[in-house]
Amino acid sequence: MTATIEVVRGDITEQAVDAIVNAANSSLMGGGGVDGAIHAAAGPQLLTECQALRRDRLPNGLPVGKAVTTGAGQLPTRFVIHTVGPKHWEYPDGGVEHLVSAHRNCLAEADRVGATSVAFPAISCGVYGWQAADAAPVAVTAVRESLGRFPNISLVRFVLFNDDAYETFRSEVAANPS
Ligand code: APR
C-alpha cells in the first residue's frame, strides 16, 4: 500500500496521529518554537523522560540528524520523536544531508515503535534558519524515499504553522503526488 503524504496548516500539538516529531536541540531539555509548544502541551512527564534519556543513553546529547523516541505525556498522540535539525549557518549547503537524516531517522524510529501515522513540523525552519522554500523539497523527498523501507507507515502529515510554509510544503507535495 502506498503511504499518504499530506500537508495541513495547524498546531502539531493537536494532531491525533501515532507519533509527532519534535524539532528539538541536542540538549533535549526543551526550548522555544515547536519544542516549547510540545513540552508545554505534553506536561512535565515529557521533560522527565528526556532527562532520563540524557542520563541513561545520551550523556552528550542527541547529535544533529539523529532521532530518539519518548512517550507523549498529555498530548493526543502516543509518541514524541525528537530530532535535531541542522543550523543553516553552520554548513556551506545549510546541512542538507543532516536534514535528510533527521527525516529518515524519525521514520525509522516511528517504524521501530510501531507508529503508522507520523506528523512532522518544518524542521530547522525557525530558529535554525532554513527557509521553507529550501527545506520543503529536501524534507518531502527524504520522506518519500524513506517510506519505501517502512511499509507499515501509512500516513505522513506535514504540519505547518504559518501560511507561507504551508503553501510551500503544499506545492512541493502537489508537484509530485504519490
Ligand atoms: N506546530 C507546528 N509548527 C510549529 C509550532 C507548532 N505548535 N510552533 C512553531 N512551529 C514551526 C515554526 O513556525 C517553524 O516553521 O516550527 C518550525 C520550526 O521552528 P523551530 O521550532 O524554531 O525549530 P528549528 O528551526 O528546528 O530550531 C530548533 O529551536 O526552540 C528551539 O529547542 C529548539 O533549539 C531548538 C531550535
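Atoms within a ligand are numbered from 1 in the order they appear, just like the ligands themselves.
Ligand 1 has Asp11 within reach: a non-hydrogen atom of the residue lies less than 4.0 Å from it. At least one heavy atom of Ser124 sits less than 4.0 Å from an atom of ligand 1. Residue Ala132 places every heavy atom at 4.0 Å or more from ligand 1.
Across the listed options Thr83, Ile38, Asp35, Val21, Asp35 owns the non-hydrogen atom lying nearest to atom 32 (O) of ligand 1. Summarising the contacts of atom 14 (C) of ligand 1 with Gly129, Ala41, Cys125, Ala135, the nearest heavy atom is found in Cys125. Taking only non-hydrogen atoms, the option from Trp130, Phe120, Tyr166, Phe161 nearest to atom 3 (N) of ligand 1 is Phe161.
The nearest protein atom to atom 34 (O) of ligand 1, hydrogens excluded, is given as Asn25 ND2, 3.1 Å; this is a heavy-atom distance. Among all protein heavy atoms, the one lying closest to atom 25 (O) of ligand 1 is Gly126 N, 2.8 Å. Atom 18 (C) of ligand 1 has Ala122 O, 3.1 Å as its closest protein atom, hydrogens excluded (heavy atom only). Of all protein heavy atoms, the one closest to atom 36 (C) of ligand 1 is Tyr128 CE1, 3.5 Å. The single protein non-hydrogen atom nearest to atom 22 (O) of ligand 1 is Val127 N, 2.8 Å, given as residue, atom name and distance. In this structure, atom 9 (C) of ligand 1 lies nearest to the protein heavy atom Val34 N, 3.5 Å.
For ligand 1, one of its N or O atoms has an N or O atom of Ile12 under 3.5 Å away.
In the vicinity of Gly32, heavy-atom distances shorter than 4.0 Å reach the ligand 1 atoms 30 (O), 31 (C). Every atom of ligand 1 with a heavy atom of Ala23 under 4.0 Å away is listed here by number and element: 23 (O), 26 (O), 28 (C), 33 (C). Below 4.0 Å from some heavy atom of Gly33 lie the following atoms of ligand 1, by number and element: 8 (N), 9 (C), 21 (O), 30 (O).
Side-chain atoms of Leu99 and His103, non-hydrogen and from C-beta on, do get closer than 4.5 Å to each other. When side chains are defined from C-beta on, Leu28 counts as touching Val68, because their heavy atoms get closer than 4.5 Å. Contact check for His98 versus Tyr91: side-chain heavy atoms found under the 4.5 Å cut-off. Leu155 is listed as a side-chain neighbour of Glu6, based on a closest heavy-atom distance under 4.5 Å.
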What side-chain donor-acceptor pairs closer than 3.5 Å can you find for residues 106-119, not counting sequence neighbours?
{"residue": "Glu109", "atom": "OE1", "partner": "Thr69", "partner atom": "N", "Å": "3.3"}
{"residue": "Glu109", "atom": "OE1", "partner": "Thr69", "partner atom": "OG1", "Å": "2.5"}
{"residue": "Glu109", "atom": "OE1", "partner": "Arg112", "partner atom": "NH2", "Å": "3.0"}
{"residue": "Glu109", "atom": "OE2", "partner": "Arg112", "partner atom": "NE", "Å": "3.0"}
{"residue": "Thr116", "atom": "OG1", "partner": "Asp18", "partner atom": "OD2", "Å": "3.1"}
{"residue": "Ser117", "atom": "OG", "partner": "Asp18", "partner atom": "N", "Å": "2.9"}

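With Thr83 contributing its side chain and Lys66 its backbone, the two residues share a donor-acceptor pair below 3.5 Å. In terms of modelled atom types and a separation under 3.5 Å, the side chain of Glu49 and the main chain of Gly71 share a donor-acceptor contact. No side-chain donor-acceptor contact under 3.5 Å links Arg104 to the backbone of Ala142.
Classification of the His39-His82 ring pair by plane angle, with boundaries at 30° and 60°, yields tilted.
Of all the heavy atoms in Val84 and Asn25, the pair that sits closest is CG2-C, 3.7 Å.
When non-hydrogen atoms are compared, ligand 1 lies under 4.0 Å from the side chain of Ala37 (C-beta onward) but not from its backbone.
Scanning for ring pair (Phe, Tyr, Trp, His ring centres under 6.0 Å) contacts around His88 gives Trp130, with sequence neighbours left out.
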